[in-house]
A.B. asks: 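Once you've had a glance at the structure underneath, I'll fire off some questions.
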Amino acid sequence: MSDYSGRFAPTPSGPLHFGSLVAALASFLDARRAGGKWLLRIEDIDPPRCPDGASDTILRQLEAFGLHWDGPVTWQHDHDDAYIDALERLKTLGLAYPCSCSRRQWRDHPVYPGWCRHGISEPGKPAAWRLRSDLGLRPVVWRDRLFGEQRFDPAALGDVVLKRKDELWAYQLAVVVDDADQGISDVVRGFDLLDNTPWQRQLQHALGYPEPRYLHLPLILGPDGQKLSKQNLAPALPEEEQAVRPLLHAALTALDQAPPEGLSTAPVAEQLQWGITHWDIARLRAEAHRQTNATIP
Ligand code: GLU
């Protein structure tokens, strides 16, 4: 029995696009190749950013691409108690503090300078909760499976926000608590999240959680050289089988797995089986080194 547990953790701020398909597919193939589990977690902690119906669309899109997850879907909006517990533990350890400072006050500094570490500047005002970066890992180091050793100075990371002034949980706390609660051994996700990993490593260390393995994918760019995202209106993934097949093939190609040409018209189950059998991160590593920009056909 494999001890590998992977996950796909989309924020339902809109439908999935090609870039998110590539991330989902890579984490799926990596998990299945290892004989492991692949879990789905909907990261809906920021309701104003999550339009009605977006989660349902994401679930349907994943099904259409044959990306079947194990067990029930988990929803971050159900995990408040776990986040409260984690924040309470950090407070007890003296690692979290309330901060009333506004961005405007520290705009001349590269990161928040920690003014509230030894007492909140303006008691009674709405406060965020921040992590003490000066009391943890020094330096913050991990080895990415593709990008190799990553090393960060905690002073350059600053004191990351755990809970926002508007009372919403911050992504960094939620993702770390959930990955630990779900026993995630392997995080496979887009390159744009690599910069977040040092804060997540700090938090894992502070909370005594195990360190997952990380694989960040080379950036997938659109034909115009722009990062694919909802912001630059990358088109939503289709759900009809005939449109899905060539796009799944394009995603395998974007991951540099070199699927045979003829596979592009094959049913999704067959394409995925080919992808699992041939999954080879050495090909991705070459891609990461070249940082060649994959394009959608
Ligand atoms: N929810 C994040 C996103 O959609 C991904 C979180 C993660 O994979 O750690 O960008």
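For ligands, and for the atoms within them, numbers begin at 1 and follow the listed sequence.
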A.B. asks: Run R7 and D178 through salt bridge (Lys or Arg N to Asp or Glu O under 4.0 Å) and show every step you take.
C.D. replies: CA-CA 10 Å; R7 74 345 180 239; D178 287 341; over 6 Å; no

A.B. asks: For ligand 1, indicate whether the residue L193 contacts it via side chain, backbone, both or neither (heavy-atom separation under 4.0 Å).
C.D. replies: side chain

A.B. asks: Using 30° and 60° as the class boundaries, would you call the ring planes of F8 and W38 parallel, tilted or perpendicular?
C.D. replies: parallel

A.B. asks: Run the contact test for Q200 against ligand 1 with a 4.0 Å cut-off on heavy atoms, strictly below, and give the result.
C.D. replies: no

A.B. asks: Assess the residue pair K37 and D70 against the criterion (salt bridge (Lys or Arg N to Asp or Glu O under 4.0 Å)); give the C-alpha distance rounded to whole Å, side-chain angles, the decisive distance to 0.1 Å, and a yes or no.
C.D. replies: CA-CA 6 Å; K37 285 191 288 215; D70 294 308; over 6 Å; no

A.B. asks: With a heavy-atom distance limit of 4.0 Å, tell me whether V175 approaches ligand 1 through its side chain, its backbone, both, or neither.
C.D. replies: side chain

A.B. asks: With a cut-off of 4.0 Å, which atoms of ligand 1 are near a heavy atom of R189?
C.D. replies: 7 (C), 8 (O), 9 (O)

A.B. asks: Could you go step by step and tell me if R49 and D44 meet the salt bridge (Lys or Arg N to Asp or Glu O under 4.0 Å) rule?
C.D. replies: CA-CA 8 Å; R49 276 186 61 209; D44 57 350; over 6 Å; no

A.B. asks: Show me which atoms of ligand 1 lie under 4.0 Å from any heavy atom of P10.
C.D. replies: 1 (N), 4 (O)

A.B. asks: According to ring-ring contact (aromatic ring centres under 6.0 Å, His included), who are the partners of W199, at least two apart in sequence or on a separate chain?
C.D. replies: none

A.B. asks: Against heavy atoms of E43, which atoms of ligand 1 measure under 4.0 Å?
C.D. replies: 1 (N), 2 (C), 5 (C), 6 (C)

A.B. asks: Partners of Y83 by ring-ring contact (aromatic ring centres under 6.0 Å, His included), sequence neighbours excluded?
C.D. replies: W169

A.B. asks: Only heavy atoms of R7, strictly under 4.0 Å: list the atoms of ligand 1 that pass.
C.D. replies: 7 (C), 8 (O), 9 (O)

A.B. asks: Less than 4.0 Å is my threshold; does some heavy atom of Y171 fall inside it relative to ligand 1?
C.D. replies: yes

